[in-house]
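Reviewing the structure listed below.
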Amino acid sequence: MTPAELKALVASLGMPAFTAKQVAQWLYVKHVKSIDEMTNLSKQNRELLSEHFEVGAMAPIDCQRSKDGTIKYLFPVQTADSVLFVETVFIPDHDRATLCVSCQVGCKMNCLFCQTGKQGWQGNLTAADILNQIYALPEVDQLTNIVFMGQGEPMDNLDAVLRVTEIMTADWGWQWSPKRITVSSVGVKGKLKRFLDESPCHVAISMHSPLHEQRLQLMPAEKAMPLEETIALLKQYDFTHQRRCSFEYICFGGLNDSPLYGREIVRLLEGLECRVNLIRFHEIPGVNLPASDEKRMEALRDYLTAHGITTTIRASRGQDIFAACGLLSTARQNELKEQPSNKAITFK
């Protein structure tokens, strides 16, 4: 809840207005897990709040650890009539620690190369569900960056995503710099513009092909908002200062990794301050797409860099536990539905 909402809440319960500020500090500065921990509230007020509300922090119920240090957590999501699950990936890397959060259970976008889309769409996460992936993370104190690149399309659940980024960056919230948060999108008409207008956080666009027909085969969202339309929108905004625009580009061997594609990317991005992240394709069942080899990826990187576009090859992390790009899925959901949603796992 925002301070205004907390103020209305305490007023409705007959509490002093200053109680709202105290609750906000306990939630967003001290990160308490229960109302009983809010010790500068009177016992009577704590009991009254507990009758009607809860902090809502739910620990992950499962984790998998990669040989490269990546950790994938499974978080419960309580709906009106069932418990669903989402995966969240913690990626430590020297002095950086990035958390890849999910914003939906499944995804409507159904990109050909993504495992999440294969499970279909089962619902949006609330702002509390999304924030809980950060709030209840065992390594929360180590985090340096957050990317909305987990399960789901952020622009398809924009109200919740904007509320979380507001809480993370507000003076009354977690007080993070917007430079530490990146929100991804395939490009959703209307929603992407609203995000660019309302949030100062970085934006990352899933490109994967610069050619309309091929991108349409890979990503059905291309039909509703073509890449050229997305880039035209981005060119209306200033990315020359702190805010960053980037493009995610999975390389498929012999399909989108030749100099032809490099030339088309350069043409499309001319005049836009941005960078390109090349990503290795991680095979998923039932999808016959080839992975690009290292030499072709390096050649594409070098071509783009030589033509003025900062380009990197993203290190693949967590592939052995299906935590790498495009591999997140809650396939274990059915077997875990009967486990208590508030049962914390033991960390070693």
Side-chain angles (χ1 to χ4, degrees), residues 91 93 95-96 98 100-101 144-149 153-155 158 161-162 164-166 168-169 176-212 214-215 218-219 221-222 224-251 256-280 297-315 325:
I91 310 167
D93 185 18
D95 59 344
R96 289 171 61 93
T98 300
C100 181
V101 300
T144 62
N145 298 84
I146 292 172
V147 295
F148 284 76
M149 297 182 182
E153 162 59 48
M155 303 303 151
L158 185 56
V161 168
L162 286 174
V164 172
T165 57
E166 178 188 9
M168 293 302 300
T169 58
W176 273 35
S177 166
K179 294 187 296 181
R180 299 170 65 181
I181 302 173
T182 301
V183 180
S184 69
S185 179
V186 300
V188 178
K189 190 179 290 289
K191 299 292 185 67
L192 179 58
K193 183 179 189 307
R194 184 181 160 204
F195 171 79
L196 292 168
D197 288 338
E198 296 183 22
S199 173
C201 297
H202 297 324
V203 63
I205 301 299
S206 299
M207 178 187 285
H208 309 310
S209 175
L211 306 180
H212 172 72
Q214 186 183 61
R215 189 171 188 260
L218 294 170
M219 305 168 65
E222 169 72 6
M225 189 173 184
L227 180 63
E228 293 216 22
E229 187 177 318
T230 299
I231 293 172
L233 173 64
L234 291 168
K235 287 181 179 179
Q236 298 174 26
Y237 295 83
D238 184 5
F239 296 102
T240 60
H241 299 291
Q242 293 187 340
R243 193 182 199 186
R244 188 172 69 234
C245 172
S246 59
F247 290 86
E248 310 299 300
Y249 195 93
I250 296 176
C251 291
N256 68 345
D257 58 352
S258 70
L260 164 68
Y261 290 88
R263 290 194 294 273
E264 191 63 14
I265 292 170
V266 170
R267 182 190 71 79
L268 282 172
L269 300 184
E270 183 179 3
L272 177 63
E273 183 69 26
C274 64
R275 63 182 62 193
V276 173
N277 296 315
L278 303 181
I279 303 169
R280 295 169 179 82
M297 291 184 70
E298 289 175 354
L300 181 58
R301 176 199 62 193
D302 294 345
Y303 179 89
L304 294 174
T305 300
H307 287 79
I309 301 173
T310 301
T311 304
T312 59
I313 297 175
R314 180 182 293 170
C325 291

Task: Among Thr230, Asn256, Ile265, the one residue meeting side chain to side chain contact (heavy atoms under 4.5 Å, CB included) with Met207 - done: Ile265
Open item on the list: How long is the straight-line distance from CZ of Arg180 back to OG1 of Thr165, given to the nearest 0.5 Å?
Closed with: 14.5 Å
- [ ] Kindly compute the distance separating CD1 (Ile313) from SG (Cys251), expressed to the nearest 0.5 Å.
- [x] 7.5 Å
Task: Counterpart residues, side-chain contact (heavy atoms from CB on, under 4.5 Å), relative to Asp238 (two or more places apart) - done: Thr240, His241
Open item on the list: What I'd like to find out is whether the side chain of Leu192 reaches to under 4.5 Å of the side chain of Ile205, using heavy atoms alone.
Closed with: yes
Open item on the list: Restricting to non-hydrogen atoms, name the atom on Ser258 and the atom on Leu300 that form the minimum distance, rounded to 0.1 Å.
Closed with: O-CD1, 4.2 Å
Open item on the list: Tell me every residue that passes side-chain hydrogen bond (donor to acceptor under 3.5 Å, both in side chains) with Asp257, counting only those two or more places apart in sequence or in another chain.
Closed with: Ser292, Arg296
Task: Side-chain heavy atoms of Asn145 within contact of Ile91, under 4.5 Å - done: no
Task: Minimum heavy-atom distance between His212 and Glu222, given as atom pair plus value - done: ND1-OE2, 2.7 Å
Open item on the list: My understanding is that only residues two or more places apart in sequence, or in another chain, count here; which of them pass side-chain contact (heavy atoms from CB on, under 4.5 Å) with Glu166?
Closed with: Thr2, Trp172
Task: Thr98 and Val147, any side-chain heavy atoms less than 4.5 Å apart - done: yes
Open item on the list: I need the full list of side-chain hydrogen bond (donor to acceptor under 3.5 Å, both in side chains) pairs touching residues 188-199, with sequence neighbours left out, sorted by first then second residue.
Closed with: Asp159-Arg194, Lys189-Glu229, Lys193-Asp197, Arg194-Glu198, Asp197-Tyr237
Task: Residue pair Pro154 / Val183: nearest heavy atoms and the distance that separates them - done: CB-CG1, 3.6 Å
Let me have the donor-acceptor pairs involving side chains of residues 301-311, under 3.5 Å, with sequence neighbours excluded, atom names and distances please.
from	atom 1	to	atom 2	distance (Å)
Thr305	OG1	Arg301	O	2.9
His307	ND1	Tyr303	O	2.8
Thr311	OG1	Ile309	O	2.9

Task: Partner set under side-chain contact (heavy atoms from CB on, under 4.5 Å) for Pro178, not counting sequence neighbours - done: Thr169, Pro200, Cys201
Open item on the list: Going by the rule salt bridge (Lys or Arg N to Asp or Glu O under 4.0 Å), which residues pair with Glu153 if we only count those two or more places apart in sequence or in a different chain?
Closed with: none
Task: Residue pair Leu268 / Phe247, side-chain heavy-atom distance below 4.5 Å - done: no
TODO: Can you see which heavy atom on Thr182 is nearest to which on Arg244, and at what distance?
DONE: OG1-NH2, 4.1 Å
Open item on the list: Among residues at least two apart in sequence or on other chains, which ones pass side-chain contact (heavy atoms from CB on, under 4.5 Å) with Ser206?
Closed with: Val186, His208, Met219
Task: Nearest atoms (heavy-atom pairs only) where Met149 meets Ala204 - done: CE-CB, 3.7 Å
Task: Closest non-hydrogen atom pair, Leu234 against Phe239 - done: O-CE1, 3.4 Å
Open item on the list: Nearest 0.5 Å, please: how far is CZ in Phe148 from CE in Met155?
Closed with: 9.5 Å
Task: Sequence neighbours excluded, every pair satisfying side-chain hydrogen bond (donor to acceptor under 3.5 Å, both in side chains) that has a member inside residues 259-279 - done: Gln214-Tyr261, Glu228-Arg267, Glu248-Asn277, Glu264-Arg267, Asn277-Thr312
Task: Side-chain touch Val203/Leu196, heavy atoms, less than 4.5 angstrom - done: yes
Task: Donor-acceptor pair, side chain of Arg280 and main chain of Arg314, under 3.5 angstrom - done: yes
TODO: Nearest 0.5 Å please: distance from the CG atom of Leu211 over to the CG atom of Leu218.
DONE: 10.0 Å
